[in-house]
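Mind having a look at this structure? Questions to follow.
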Amino acid sequence: MEYRTLGGTGTIVSTQCLGTMTFGSESSEQESHAQLDRFLEQGGTFIDTANVYSRGVSEEIIGRWLAARPGVRDQMVIATKGRFPMGEGRNDVGLSRTSLSRALDASLRRLQVETVDLYQAHAWDALTPIEETLRFFDDAVRAGKIRYAGVSNFLGWQLQKAALLTGFLGLAPIVTLQPQYNLLVREIEFELTDVCREENIGILPWSPLAGGWLTGKYRRDEAPTGASRLGENPERGMEAYAPRNAQQRTWQVLDAVRKIAESRGVSMAQVALAWTADRPAVTSVILGARTVEQLDDNLAAAGLHLSAEETALLDEASEPIIGDYPYGPQGRQQRAGGREL
């Protein structure tokens with residue numbers, strides 16, 4: 001396992017983070033605890049969850065695991081999130097002070113901890129002024145309930161606004177961004193990556209294997225079946241089979257990943273994870289597994305670094321399809337405006 005600082009902080013975390021969205025749904029408590037044990041054995045120190053994962057059950061599973069292992073809490077950096085509905089009340093959702101106060105206290109109880117190391121806004125809330133959310137984060141830091149604040153699924157302008165306001169108002173800074181990022185979904189590079197580099201915010205990519213697509217288990221024009229996420233529901237969310245199957249770019253990327261995996265003697269998943277881990281501003285890559293066997297394959301990517309040639313091959317195959325302006329060649333040329341060295 002390798003380690004990096006958590007964004008611009010001095011806290012050290014493993015470059016692989018154990019995501020726990022499967023806990024309590026796709027993974028039983030026994031299986032979840034086995035994953036946590038294996039992750040710890042392999043040097044993992046960073047765990048990510050959310051109150052909405054299995055409606056609190058994921059946090060409860062982690063809490064019972066920590067309680068049964070004295071001393072382990074101090075070895076781990078624990079991250080959770082609040083924002084999405086956890087009840088039927090009007091204030092059981094959102095980033096308001098009322099909602100987040102209840103959500104954070106409930107997460108602390110379920111996790112059986114006094115402090116969460118990283119507390120994240122799970123998504124933007126159009127109804128709550130961002131200043132209110134940022135002041136809540138700052139108060140929670142001062143109260144010792146959280147150590148750092150982060151956000152997830154923000155757009156470029158939203159993240160930049162939050163970062164500027166924390167500096168202007170003297171509040172606890174935003175130290176991490178958790179976005180979807182992988183070889184099939186690179187759009188954060190249009191603006192979010194630059195904001196993170198400028199503001200010293202660490203990126204925590206979720207879905208680094210694009211919902212299983214980058215493992216190579218799906219075949220062209222063969223709708224998946226069986227015990228997999230898409231086998232059980234081919235129309236599942238952003239990773240739905242039909243839209244990605246229809247894109248030539250999908251299979252172009254998979255061919256490039258397969259070529260490198262075969263030449264290296266590693267799995268396609270490990271190649272995809274290695275590419276993501278070494279992207280600019282990335283702090284730690286969030287792993288999501290149903291079983292210990294899947295987790296073991298992912299953990300084997302720790303310390304794997306691709307050559308410049310391999311990275312270039314993947315970059316070219318996965319280049320996002322964009323227009324000329326404002327993110328394409330003509331837009332970039334216009335912004336440069338004769339200032340190249």
> Atom CD in Q270, atom CD1 in I260: separation rounded to 0.5 Å?
Replying inline: 13.0 Å

>> Surrounding CZ of R220 (heavy atoms of other residues, nucleotides or ligands, distance under 6.0 Å), is the total greater than 12?
In response: yes

>> What verdict does the side-chain contact (heavy atoms from CB on, under 4.5 Å) test give for T15 and Y3, after you've listed the backbone C-alpha separation in whole Å, the side-chain angles of each residue and the deciding distance to 0.1 Å?
In response: CA-CA 5 Å; T15 55; Y3 304 89; 5.6 Å; no

> What distance separates N51 CG from H122 NE2, expressed to the nearest 0.5 Å?
Replying inline: 8.5 Å

>> If we ignore hydrogens and angles and just use 3.5 Å, is the side chain of Q252 paired with the main-chain N or O of A317 as donor and acceptor?
In response: yes

> Nearest heavy-atom pair of A149 and L118: which atoms, and what distance?
Replying inline: C-CD1, 3.8 Å

> Any donor and acceptor pair, going by atom type alone, linking the side chain of S284 with main-chain N or O of L204 inside 3.5 Å?
Replying inline: no

> Where is the tightest heavy-atom contact between G24 and S54, given as atom of each residue plus distance?
Replying inline: C-OG, 3.5 Å

>> Taking L6's backbone N and O only, do any of them form a donor-acceptor pair with T9's side chain (distance below 3.5 Å, no angle check)?
In response: yes

>> side-chain contact (heavy atoms from CB on, under 4.5 Å), that's the test. Do Y119 and Y148 meet it? Break it down for me.
In response: CA-CA 6 Å; Y119 194 58; Y148 301 112; over 6 Å; no

> Is the shortest heavy-atom distance from the side chain of T133 to the side chain of L100 under 4.5 Å?
Replying inline: yes

>> With rounding to the nearest 0.5 angstrom, report the CD1 to CD1 distance, I62 to I47.
In response: 6.0 Å

> Is the backbone of G8 close enough, under 3.5 Å, to the side chain of T5 for a donor and an acceptor to pair up by distance?
Replying inline: no

> Can you check side-chain contact (heavy atoms from CB on, under 4.5 Å) on E132 and R135, steps first, answer last?
Replying inline: CA-CA 5 Å; E132 180 176 341; R135 289 188 184 279; 6.0 Å; no

> Are the aromatic rings of F23 and W65 close, with centres under 6.0 Å apart?
Replying inline: no

> Between D297 and S267, is any side-chain donor less than 3.5 angstrom from a side-chain acceptor?
Replying inline: yes

> Would W124 and M86 show up in the same hydrophobic cluster when neighbours are defined by side-chain heavy atoms closer than 4.5 Å?
Replying inline: no

>> Within the supplied structure, the quantity of interest is the number of heavy atoms (other residues, nucleotides, ligands) at a distance under 6.0 Å from E198 CD; does it exceed 12?
In response: no

> Salt bridge check: are R142 and D139 linked by an N-O gap of less than 4.0 Å?
Replying inline: no

> Does atom CD of E316 have more than 12 heavy-atom neighbours, drawn from other residues, nucleotides or ligands, at distances under 6.0 Å?
Replying inline: no

> Just checking, is any N or O donor in the side chain of H305 or E2 under 3.5 Å from an acceptor N or O on the other one?
Replying inline: yes

>> salt bridge (charged side-chain N to carboxylate O under 4.0 Å, His left out) for R332 and D194? Distances and angles first, verdict last.
In response: CA-CA 14 Å; R332 290 195 296 270; D194 288 335; over 6 Å; no

> Is the shortest heavy-atom distance from the side chain of M268 to the side chain of L214 under 4.5 Å?
Replying inline: no

> Would I174 and E199 satisfy side-chain contact (heavy atoms from CB on, under 4.5 Å), going step by step from the backbone distance to the final call?
Replying inline: CA-CA 9 Å; I174 299 299; E199 300 293 345; over 6 Å; no

> Can a donor-acceptor pair be found between the side chains of T49 and T80 at a distance below 3.5 Å?
Replying inline: no

>> Once rounded to the nearest 0.5 Å, what's the spacing between atom CG of L299 and atom CG of L18?
In response: 8.0 Å

> Within a strict 4.5 Å, meaning less than it, do heavy atoms of the V116 and R147 side chains meet?
Replying inline: no

> More than 12 heavy atoms of other residues, nucleotides or ligands under 6.0 Å from CD of E293: is that the case?
Replying inline: yes

>> Just verifying a value: how many Å separate T22 OG1 and Q35 CD, rounded to the nearest 0.5 Å?
In response: 5.0 Å

Please list every donor-acceptor pair under 3.5 Å in which a side-chain atom of residues 181-189 meets a protein atom from a residue at least two apart or in another chain.
| from | atom 1 | to | atom 2 | distance (Å) |
| --- | --- | --- | --- | --- |
| Y181 | OH | E189 | OE2 | 2.5 |
| Y181 | OH | R279 | NE | 3.2 |
| N182 | OD1 | L184 | N | 2.8 |
| N182 | OD1 | V185 | N | 2.8 |
| N182 | ND2 | S207 | O | 2.7 |
| R186 | NE | E189 | OE1 | 3.4 |
| R186 | NE | E189 | OE2 | 3.0 |
| R186 | NH1 | D315 | O | 3.0 |
| R186 | NH1 | S318 | OG | 2.8 |
| R186 | NH2 | E189 | OE1 | 2.9 |
| E189 | OE2 | R279 | NH2 | 3.3 |

> Can F168 be reached from I201 by stepping across I, L, V, M, F, W or Y side chains whose heavy atoms are under 4.5 Å apart?
Replying inline: yes

>> Does Q248, at its CD atom, have more than 12 non-hydrogen atoms belonging to other residues, nucleotides or ligands within less than 6.0 Å?
In response: yes

> Side chains of T45 and I12: does their closest heavy-atom pair fall under 4.5 Å?
Replying inline: no

>> Is it true that, when you exclude M238 itself, more than 12 heavy atoms of the residues, nucleotides or ligands shown sit nearer than 6.0 Å to its CE?
In response: no

> Are the side chain of N245 and the backbone of D221 linked by a donor-acceptor contact shorter than 3.5 Å?
Replying inline: yes

>> Could you check whether Q120 and D48, counting side-chain N and O atoms only, form a donor-acceptor pair closer than 3.5 Å?
In response: yes

> Is there a donor-acceptor pair closer than 3.5 Å between any side-chain N or O of S99 and the backbone N or O of L95?
Replying inline: no

> Which residues satisfy the salt bridge (Lys or Arg N to Asp or Glu O under 4.0 Å) test with R110, sequence neighbours excluded?
Replying inline: E59

> For the hydrophobic clusters of this structure (ILVMFWY residues joined by side-chain heavy atoms under 4.5 Å, transitively), does one cluster hold both L111 and V52?
Replying inline: no

> Does E310 come within less than 4.0 Å of R264, counting only side-chain N to carboxylate O?
Replying inline: yes

> Take atom NZ in K217; do more than 12 heavy atoms of anything else shown fall under 6.0 Å from it?
Replying inline: yes

>> Just so I know, are the side chains of N298 and L209 near enough to count as touching, which here means a heavy-atom distance under 4.5 Å?
In response: yes

>> Side chains of V151 and T176, heavy atoms from C-beta outward: is any pair under 4.5 Å?
In response: no

> Between CZ of R219 and OH of Y241, what distance do you get to the nearest 0.5 Å?
Replying inline: 10.0 Å

> Would you find a donor on one side and an acceptor on the other, under 3.5 Å apart, between the side chain of R249 and the backbone of E319?
Replying inline: yes

>> I'd like to know if F84 and W206 are part of one continuous hydrophobic network [Ile/Leu/Val/Met/Phe/Trp/Tyr, side-chain heavy atoms within less than 4.5 Å].
In response: no

> Hey, does N153 have a side-chain heavy atom less than 4.5 Å from the side chain of P179?
Replying inline: no

> Under 30°, 30 to 60°, or over 60°: which ring-plane class applies to Y327 and F190, parallel, tilted or perpendicular?
Replying inline: parallel

>> Looking at R244 and E239, is any side-chain nitrogen of the basic one under 4.0 Å from a carboxylate oxygen of the acidic one?
In response: no

> If we only count heavy atoms from C-beta on, is the L104 to F136 side-chain gap below 4.5 Å?
Replying inline: yes

> Side chains of S58 and T20: donor-acceptor distance under 3.5 Å anywhere?
Replying inline: yes

>> Are L36 and V285 connected into the same hydrophobic cluster when the rule is that any two of I, L, V, M, F, W, Y join if their side-chain heavy atoms are below 4.5 Å apart?
In response: yes

> What pairs with E41 under salt bridge (Lys or Arg N to Asp or Glu O under 4.0 Å), at least two apart in sequence or on another chain?
Replying inline: R38

> Should the heavy atoms of other residues, nucleotides or ligands under 6.0 Å from CZ of R197 be counted, would the total exceed 12?
Replying inline: no

